[in-house]
A.B. asks: 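Below: one structure in structure tokens.
The analysis underlying the following values was restricted to heavy atoms, covering all of them including side chains, and did not include hydrogens, waters or symmetry mates. To find a chain, count down the sequence lines: A is the first, B the second, and so on, and within it residues start at 1.
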Amino acid sequence: MFNHDTAPVASQYSESFLKRLAGPSTGKAGLAKDQTEINRIIAEASKGSKFYDNEKKKDNEVTERIGRILKQRDDALKGVDIKCVEQSADRLIAELEGHRDLSQTIVHVDMDAFYASVKLLDNPDLEGKPFAVGHGVLSTASYEARKYGVRSGMAGFVAKKLCPELILVDHHFSRYTEMSTAVMSVFRRYDPNLLAAGCDEAYLNITAHCESHGLTAAECVQDMRKAVFHETKLTASAGIAPTKMLAKISSDKNKPNGQFELPFNKESIVSFLYNLSIRKIPGIGRVNERLLESVGVKTCGDIFIHRATIYLMDKQFGSQFLFRTYLGITSNVVEPWGRGERKSIGFERTFSSLSDTKKILNKLEEISVELEKEMEETGWAGRTVTLKFKLDTYQVFTRAKSFDRWITKKEDLFATGKELIQSEFPLSIRLIGLRVTKLKDLRSPTEPANGIKRFFEPLQSGRPHKKAKLDHGETDVDTIDHVHDDYEDAMPDFHENDEDERLSDQADFEELIEEQSDTVRTHAVKPRAPVSAPAPFRPSLTNVDALQSSTSLTPGPSGSRAIKPRSFSDATGPLKPKPGRTPNASIETQNCPVCGKALRTDNQGLNSHIDFCLSRGAIREAHGEAGNSVKGTMSGFRPISKGKAKLRK
DNA sequence: GGGTATCTGACTA
DNA sequence: TTCCATAGTCAGATACCC
């Protein structure tokens, strides 16, 4: 399959870099055995591109980060009685063990190579052939293609190097939506309250169904998979376990077209996880895998072996998250996502590199139009607009601006994006996007966190509100009364009796929103921050809420859209939120060779800043401009002296 | 000076 | 020659308000 004659010495690539280039899906089912050789071919194919250079740079930054972590570890362990620390860790682990709940039967069902399988239904000629869906970047690959190392997220031309006979086929989003609807409707017979985690996967709590039908979990899941195949001719794999995380890992066990049930007892769970690579844990990606490996944690079992280090480096690693992972104690709450949980809505597009200001602004305008359309169709407004752009070097930057009014219109989106990007010119970019956050749900006027009420809720501590705060146990009705009270205070001419009539019409409602935000300004009563759940535990390592977003498997712009990720650890206990990154040590600075600014060397963004300045300089040169000063700075490497370091007012 | 909001980059799926 | 799109969370620095 490979041409070994032309193979360069493997040592010219570090193992970590080869893995990085190979992308995030290398552990997926159906891959060929010789991953090392595949990684080498991928590196050879990518070599020399800007993408490759950027990946190399990011890999080096992680290596530097590891250096800092190891130093912190050595400092933390200096003069410490390890046995004593281990005892403290053991006590914490024992406490966590007390939260184990084996009462619920959770299933994770995952369609096998969904896009590819749907394609196969419509094009039986592809049967037995290596093919992949997508062109620039692949969304999925048939199992035949996977044998060559072709996987989702891979560039088409790289995939062709791995498998020259690979057939690339187009997306067919309407068919995915159709089949997804059919599959989900089968799943709903087993749990009407399921959590769809993408168009091709879902979490179900089948406890009640099994009880009422006198079925074992395995029988129930077998039955469900049969029904799916019978009605759609698509196969699914499933995992049965006491928590979502364990079910997710289990569903991968007998893929494709199989199922796996994890025994519901502590010993089996811990032993199942013991030799499992930490990379299999949702939320631990390429970077965190390397960071953990650097302190000896490669498997979940290693978490226990190195518990003293983890306990001492809680800030860096999030000890509770890791100990819970080791124990397999994570969330078993299965419920669908509500609209109110949405946090942002955005649109972005990649194109071949653009430097012409006018053309870039045209792209921005197109994005604004699309985003306005999407916000209108889905009923959202927002207060913060974030511009995102990717340089032709693949470095990504964001710039944001907040308002004290609700943004919905293309004119506002475009004007804000334009304002944000203009101070960055000249630029040579390959992606531009806009995202709106601090959302308000225009379809839910009575919904607490996002509806009209949020304007009048008592402010959080430190922000006294003229009205008293809620008493513990106060009902929603009571709260709404406060709303009315506040509203009356703010707008004396507005009477309760008129409310239903006014809210019955969407246009009127939006008008009300406008009035309302004016009122808020006039009275200096600030909208309060989104109501957060009572201190759910989250790992400090990374965002474990973003566990399996379906984005790469999600039908296009306005189809059945983004099914959101869900936390695996959101309801298992009121454990402390974790902090996160390397704290600042003594601050050293270095001047950027391009703009001359004093930059903190303790920050990983230093090199990015220099690269950014260099690239700006190069573009200026191309534009025949003089000077090399950079107007602003970027987060993470702000100048440490004098005054405001903020980029713009 | 303390608490909160905002901005940015990083990471994840 | 060529390497996506969308959404979420977090940390850390800074800005701002009381």
A.B. asks: Between C:dA5 atom P and A:I367 atom CD1, what is the distance in whole Å?
C.D. replies: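 After rounding, the gap between these two atoms is 9 Å.
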A.B. asks: Rounded to the Å, how far apart are A:F321 CZ and C:dA11 C1'?
C.D. replies: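 Taking atom C1' of C:dA11 as the reference, CZ of A:F321 is at 17 Å.
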A.B. asks: Nearest whole Å is fine: how far is C:dT9 C1' from A:R342 CZ?
C.D. replies: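 Going from CZ in A:R342 over to C1' in C:dT9 covers 16 Å.
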A.B. asks: Taking salt bridge (charged side-chain N to carboxylate O under 4.0 Å, His left out) as the test, write out the residues that go with A:R430, two or more places apart.
C.D. replies: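 Testing A:R430 for salt bridge (charged side-chain N to carboxylate O under 4.0 Å, His left out), a comparison that skips the adjacent residues, returns none.
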A.B. asks: Counting only side-chain nitrogens and oxygens, does A:N288 get under 4.0 Å of the OP1 or OP2 atom of B:dC11?
C.D. replies: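 No, outside the criterion.
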A.B. asks: C:dC3, OP1 or OP2 - any side-chain N/O from A:S49 closer than 4.0 Å?
C.D. replies: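 Checking C:dC3 against A:S49, no side-chain N or O comes under 4.0 Å of OP1 or OP2.
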A.B. asks: State which of C:dA7, C:dC3, B:dT8 makes the closest approach to the side chain of A:A400.
C.D. replies: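 Looking only at heavy atoms from C-beta outward on A:A400, the closest nucleotide is B:dT8.
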A.B. asks: Given C:dA7, B:dT6, B:dG9, which nucleotide is nearest the side-chain atoms of A:K438?
C.D. replies: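 Closest nucleotide to the A:K438 side chain: B:dT6.
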A.B. asks: If you check the A:R399 side chain, which of B:dT6, B:dC11, B:dT8 turns out closest?
C.D. replies: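 Taking heavy atoms from C-beta onward, the closest nucleotide is B:dT8.
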A.B. asks: Taking OP1 and OP2 of B:dC11, is either one under 4.0 Å from a side-chain nitrogen or oxygen of A:R65?
C.D. replies: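 Affirmative; the distance criterion is met.
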A.B. asks: Between A:L322 and A:L292, is the side chain to side chain contact (heavy atoms under 4.5 Å, CB included) condition met? List the steps.
C.D. replies: CA-CA 10 Å; A:L322 288 176; A:L292 283 165; 3.8 Å; yes
A.B. asks: Out of C:dA7, B:dT12, C:dA5, which has the shortest distance to the side chain of A:R349?
C.D. replies: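 Closest nucleotide to the A:R349 side chain: C:dA5.
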A.B. asks: Considering only side-chain heavy atoms of A:R430, which listed nucleotide, B:dT12, B:dA13, C:dC4, is closest?
C.D. replies: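 So the nucleotide nearest the side chain must be C:dC4.
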A.B. asks: Picking from B:dT6, B:dC11, C:dC3, which would you name as closest to the side chain of A:V287?
C.D. replies: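 The closest nucleotide is B:dC11.
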A.B. asks: Can you tell which of A:E348, A:Q395, A:R399, A:K363 makes a side-chain contact (heavy atoms from CB on, under 4.5 Å) with A:F389?
C.D. replies: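 Result for side-chain contact (heavy atoms from CB on, under 4.5 Å) with A:F389: A:R399.
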A.B. asks: Compare the minimum distances between each of B:dA10, B:dG9, B:dC7 and the side chain of A:T398, then state the nucleotide with the smallest one.
C.D. replies: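 When the side chain of A:T398 is considered, B:dG9 is the closest of B:dA10, B:dG9, B:dC7.
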A.B. asks: Of the nucleotides C:dG8, C:dT6, B:dT6, which has the atom closest to the A:E348 side chain?
C.D. replies: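 The answer is C:dT6.
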A.B. asks: Using a cut-off of 4.0 Å on non-hydrogen atoms, how would the nucleic acid contact of A:L138 be classed: base, sugar-phosphate, or nothing?
C.D. replies: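 No contact at all - A:L138 keeps every heavy atom at 4.0 Å or more from the nucleic acid.
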A.B. asks: Nearest to the side chain of A:F397 - B:dC7, B:dG9, B:dA13?
C.D. replies: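 Nucleotide nearest to A:F397's side chain: B:dG9.
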A.B. asks: Which part of the nucleic acid does A:K390 contact within heavy-atom distance under 4.0 Å: base, sugar-phosphate only, or nothing?
C.D. replies: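 Sugar-phosphate contact only - A:K390 comes under 4.0 Å of backbone atoms but never of a base.
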A.B. asks: Using only side-chain N and O atoms of A:Y52, determine if any of them is under 4.0 Å from OP1 or OP2 of C:dC3.
C.D. replies: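 A:Y52 to C:dC3 OP1/OP2: no side-chain N or O under 4.0 Å.
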A.B. asks: By nearest atom, which of the nucleotides B:dT6, B:dC7, B:dA10 is closest to the A:R383 side chain?
C.D. replies: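 Shortest atom-to-atom distance from the side chain points to B:dT6.
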A.B. asks: Please determine if a side-chain N or O atom of A:R435 lies less than 4.0 Å away from the OP1 or OP2 oxygen of C:dT6.
C.D. replies: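 No.
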A.B. asks: Please enumerate all residues that pass salt bridge (charged side-chain N to carboxylate O under 4.0 Å, His left out) together with A:K71, with sequence neighbours excluded.
C.D. replies: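 Once residues adjacent in sequence are excluded, the partners of A:K71 under the salt bridge (charged side-chain N to carboxylate O under 4.0 Å, His left out) criterion are A:D75.
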A.B. asks: I'd like to check A:Y148 versus A:P164 (side-chain heavy atoms, cut-off strictly below 4.5 Å). Are they in contact?
C.D. replies: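 Side-chain contact under 4.5 Å: no.
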A.B. asks: Give a yes/no answer on whether the side chain of A:S139 brings an N or O atom under 4.0 Å of OP1 or OP2 in C:dC4.
C.D. replies: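 Answer is no, no contact under 4.0 Å.
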